[in-house]
Amino acid sequence: MVRDAIHRALVDAVRGLGVDGELPDLELGRAKVPAHGDYASSAGMKLARVLRRRPDEIAGELSSKIVAPDGAFTAEAAGGYVNFRLTDDWLRRLVADVHPGYGARDLGHGERLQVEFGSINPTGPLHIGHGRGVTLGDSIARLLVFTGHSVHREYYVNSDNTQTRRFGASVYARLHDMEPPEGGYLGDYVKEVAEMARRDLPGIDREPEEVAEPRLRRYAMEKVIEQIRASVARLGVRYDEWFWEDSIWQSGLGKQAIDRLRESGHLRERDGALWFGEPDDEGEEEQRVVIRANGQPTYFASDLGYLLSRFEQRTFNRVIEVWAADHHGYVPRMKAAAAALGLDPEKLVIIIHQLVNLKEGAPRSGQKVKMSKRAGRFVTLDELIDRVGSDAVRYFYLLRSPDTTIEFDLELAVTQGNENPVYYAQYAHARLANVESAARERHANLPASADVSLLTQPWELDVARQLAFWPDVVEDSTRLLEPHRIPYYVHDLATSVHRFYHAGNAQSEHRVVVDDVTLTRARLELCRAARHTLKTALDLMGVSAPERM
RNA sequence: GCCCCGCUAGCUCAGUGGAUAGAGCAUCUGUCUUCUAAACAGAGGGUCGGGGGUUCGAAUCCCUCGCGGGGCACCA
């Protein structure tokens, strides 16, 4: 990609000044003002101390030494900065080179990765908070596939814990027309599951509780998982595997993990329970229960076996987990557990996203309400998709950095459905597709190849310029695992496309489809390149790229 | 009390230590007989939460205070 080529040329020039050893960060980045070109480096200032010379002198000398491969760019000093400008010729050639899937790069060399995301307790439907983790994890997975990683998408089904037992007990209660027990689940969907069970499990309502409850629990979880699978499918999300927690105990991995920790001195008994902690750590603060006094393993125990399943049994090189912020405190414990098991904690990458809070009442004046699945107080993901559509939902979530809390106002989201920025990008794509078909109708025999040297208008070259930046966005999003950079790029590219199109509205000789078939063909090449790139970027977000709107 | 995230335009948010801090929405003004107006052109709007510090240079890094969110279980 061109940014790498610029960086290499800059480093070569710096070496040419006689700078040896490790270089400071030369701060090569996008120039902010068009007058400064396309990329800029503050190399003059960065090297002033090392060379004990004036920044502007250094920058001047660097710019004269820089050799651009294929005449791709020019370098110019401005104060202590070195500014780089992509040449028009190079931009035109880029247009001809853009192919479907442009921007894909082999950054991963086939690295075996697991991306585990959206793993919500199977005790109720997904709500709008869960939608965030699902779309974030899915787009991270898409990015990693796009950049040469071997990705396994997994949903971890927490099947074997206090919450699911409470859920089972709540279903049992509803089956017998009783209120759920203390700490149980209150949503109406619990009644629905109970009615389905009455139909699907004949005689279940006559079984004693100790027999009925485990059966109901399993049945209810499977029903919920079916529903979750259907909900995420509406967002274009599919999993390679639904991994059930109880399989860890059936396979013996849980016991294996515990045995290993016992041998390495990480486990000790206290108050009848089995605790995890560092061998030299006698303090009580850092210790966590693995096996309860009643003999039941905790979720933490399952996670120990789950680590072995992923890193040793299934040999993933790295595991990326997407968690909501309310689990943040669990990160150090998981890292410590991985280390204690002899695994590399660095290979366990945990991405935390902040929560989605619900506002109720009139738009803009609503009160904040914390969603609660147990209390039955939430807006479901399905309802959101029903109201605004899958594309707008995905765009809405992906637009935000994982670090910001979302204050969600359903009424406002519905109102804004029609002005969601996703349509801006999709419209650009549809326009390009439309103009391309209009050109084919008007000109029966267009030249097979394009003479891109005819692309001379500034608005045409600006589209090409945006295309040049796309591989940077792909790399940065992948390296930082931050897909929210993509919609911002898509917006910029769509802007340049709309401007390009409008030049033809203002003056008809600037339309794509003109009398001159050669010129038409050249502009079509630009349309094609921009359309492919928009499509690729939208795909990574899981957003559709319509041919017409 | 301790830990994590946030505080940037009226609102929602971008912004790898660099030059004049950006976008969308909202407000106001223009542009459709035309390849799609779900668009384009333009205007107004900022003590980057407060205060210190590091640096040639800070919205960005460090310290501190304030406000908001989350977490500190034999829940997950």
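Please read all numbers here as calculations on a predicted model, not as lab measurements. So that the names make sense, note that chain A is the first sequence line, chain B the second, and so on, each numbered from 1.
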Report summary line: Nearest-nucleotide check on RNA chain B, A:I406 vs A:N121; residue mapping nearer the 5' end is A:I406
Query raised in the report: Does A:R485 put a side-chain nitrogen or oxygen below 4.0 Å from OP1 or OP2 of B:U16?
Result: yes
Query raised in the report: For A:A48, which contact category applies under a 4.0 Å heavy-atom criterion: base, sugar-phosphate, or nothing?
Result: nothing
Query raised in the report: Counting side-chain heavy atoms from C-beta on, which of B:C74, B:C40, B:G18 comes nearest to A:E27?
Result: B:G18
Query raised in the report: Do the side chain of A:T405 and the main chain of A:Q354 share a donor and acceptor less than 3.5 angstrom apart?
Result: no
Query - Side-chain ion pair, A:E213 and A:R165, N-O less than 4.0 Å - result: no
Requested in this report: Using the P atom as the reference point in each nucleotide, state the distance between B:U54 and B:U20 in Å, no decimals.
Outcome: 23 Å
Query raised in the report: Between A:R485 and A:D476, is there a side-chain N and carboxylate O pair less than 4.0 Å apart?
Result: no
Requested in this report: Would you mind classifying the nucleic acid contact of A:A430 as base, sugar-phosphate or nothing, using non-hydrogen atoms under 4.0 angstrom?
Outcome: base
Requested in this report: Using whole Å, report how far CE of A:M549 lies from C1' of B:A39.
Outcome: 11 Å
Query raised in the report: For B:A37, does OP1 or OP2 lie under 4.0 Å from any side-chain N or O of A:N505?
Result: yes
Query - Main-chain N/O of A:H353 paired with A:W323 side-chain donor or acceptor, under 3.5 Å - result: no
Query raised in the report: Could one point to a donor on the side chain of A:R511 or the base of B:U34 with an acceptor on the other under 3.5 Å away?
Result: yes
Report task. Ignoring backbone atoms, test whether A:Y489 places a side-chain nitrogen or oxygen under 4.0 Å from the OP1 or OP2 oxygen of B:G15. Result -> no
Query raised in the report: Any stacking of A:H36 on B:A19, going by centres under 5.5 angstrom and planes within less than 30 degrees?
Result: yes
Report task. Report which part of the nucleic acid A:N294 touches: base, sugar-phosphate, or nothing (heavy-atom distance under 4.0 Å, all strands). Result -> nothing
Report task. Look at all strands and tell whether A:Y423 reaches a base, only sugar-phosphate, or nothing, counting heavy atoms closer than 4.0 Å. Result -> base
Query raised in the report: When you check the glycosidic angle of B:C13, does it come out syn, meaning within 90° of 0, or anti?
Result: anti
Query raised in the report: Heavy-atom contacts under 4.0 Å between residues 491-502 of chain A and RNA chain B, which residues?
Result: A:H491, A:H498, A:R499, A:Y501, A:H502
Query raised in the report: Base, sugar-phosphate, or nothing for A:N83, non-hydrogen atoms under 4.0 angstrom?
Result: base
Query raised in the report: Rounding to a whole Å, what distance do you find between A:W323:CH2 and B:A76:C1'?
Result: 10 Å
Query raised in the report: Of A:E547 and A:A35, whose nearest nucleotide on RNA chain B comes first from the 5' end?
Result: A:A35
Query raised in the report: Any N or O donor-acceptor pair linking the side chain of A:S42 to the base of B:G18 at under 3.5 Å?
Result: yes
Report task. Kindly determine whether A:H36 and A:Y81 satisfy ring pair (Phe, Tyr, Trp, His ring centres under 6.0 Å), including the steps that lead there. Result -> CA-CA 9 Å; A:H36 298 155; A:Y81 298 94; 7.1 Å; no
Query raised in the report: Separation of A:Q507 atom CD from B:U31 atom P, in whole Å?
Result: 17 Å
Query raised in the report: Rounded to the nearest Å, what distance is computed from the CD atom of residue A:E509 to the P atom of nucleotide B:C35?
Result: 15 Å
Report summary line: Rounded to whole Å, the CD-P distance (A:E475 to B:U16) equals 15 Å
Query raised in the report: Is it the case that A:Y299 and A:D160 place a side-chain donor and acceptor less than 3.5 Å from each other?
Result: no
Query raised in the report: Is it true that a side-chain atom of A:R268 and a backbone atom of A:L274 form a donor plus acceptor pair closer than 3.5 Å?
Result: no
Requested in this report: Mind calculating the distance between CZ (A:R548) and C1' (B:C35) to the nearest angstrom?
Outcome: 13 Å
Query raised in the report: Under 5.5 Å between ring centres and under 30° between planes: does that hold for A:Y81 against the base of B:A19?
Result: yes
Report task. Scan A:S437 against the nucleic acid and name what it touches under 4.0 Å (heavy atoms): base, sugar-phosphate only, or nothing. Result -> nothing
Query raised in the report: Within less than 4.0 Å of OP1 or OP2 of B:C75, is there a side-chain N or O belonging to A:R165?
Result: no
Query raised in the report: When you check the phosphate oxygens OP1 and OP2 of B:C75, does a side-chain N or O of A:R292 lie under 4.0 Å from one of them?
Result: yes
Query - d(CD1, A:I352; P, B:G69) in whole Å - result: 20 Å
Query raised in the report: Less than 6.0 Å separating the ring centroids of A:H498 and A:Y427?
Result: yes
Query raised in the report: Parallel, tilted or perpendicular: which fits the ring planes of A:F276 and A:F300, with parallel below 30° and perpendicular above 60°?
Result: perpendicular
**Report entry** B:A14 phosphate, OP1 or OP2, under 4.0 Å from A:T404 side-chain N/O
**Finding:** yes
Query raised in the report: Nearest 0.5 Å, what's the OG1-CZ distance between A:T495 and A:F500?
Result: 14.5 Å
Query - Test side-chain hydrogen bond (donor to acceptor under 3.5 Å, both in side chains) applied to A:E436 and A:R431, A:R528, A:R531, A:R523, the passing residue - result: A:R531
Query raised in the report: A:Y299 near the nucleic acid: base, sugar-phosphate alone, or nothing, with a heavy-atom cut-off under 4.0 Å?
Result: base
Report task. May I ask you to verify if any side-chain N or O of A:H327 is less than 4.0 angstrom from the OP1 or OP2 atom of B:C75? Result -> no
Query raised in the report: Does the side chain of A:R49 get closer than 4.0 angstrom to OP1 or OP2 of B:C56 through an N or O atom?
Result: yes
Query raised in the report: How long is the line joining CG of A:D160 and P of B:A76, in whole Å?
Result: 10 Å
Query raised in the report: Base, sugar-phosphate alone, or nothing: which one does A:A325 contact when heavy atoms must sit under 4.0 Å apart?
Result: sugar-phosphate
Query - Secondary-structure string, 5' to 3', Watson-Crick or G-U under 3.5 Å, | for another-strand partners, for RNA chain B - result: (((((((..((((....[...)))).(((((.......))))).....(((((..]....))))))))))))....
Query - Test salt bridge (Lys or Arg N to Asp or Glu O under 4.0 Å) applied to A:E321 - qualifying residues, sequence neighbours left out - result: A:R310
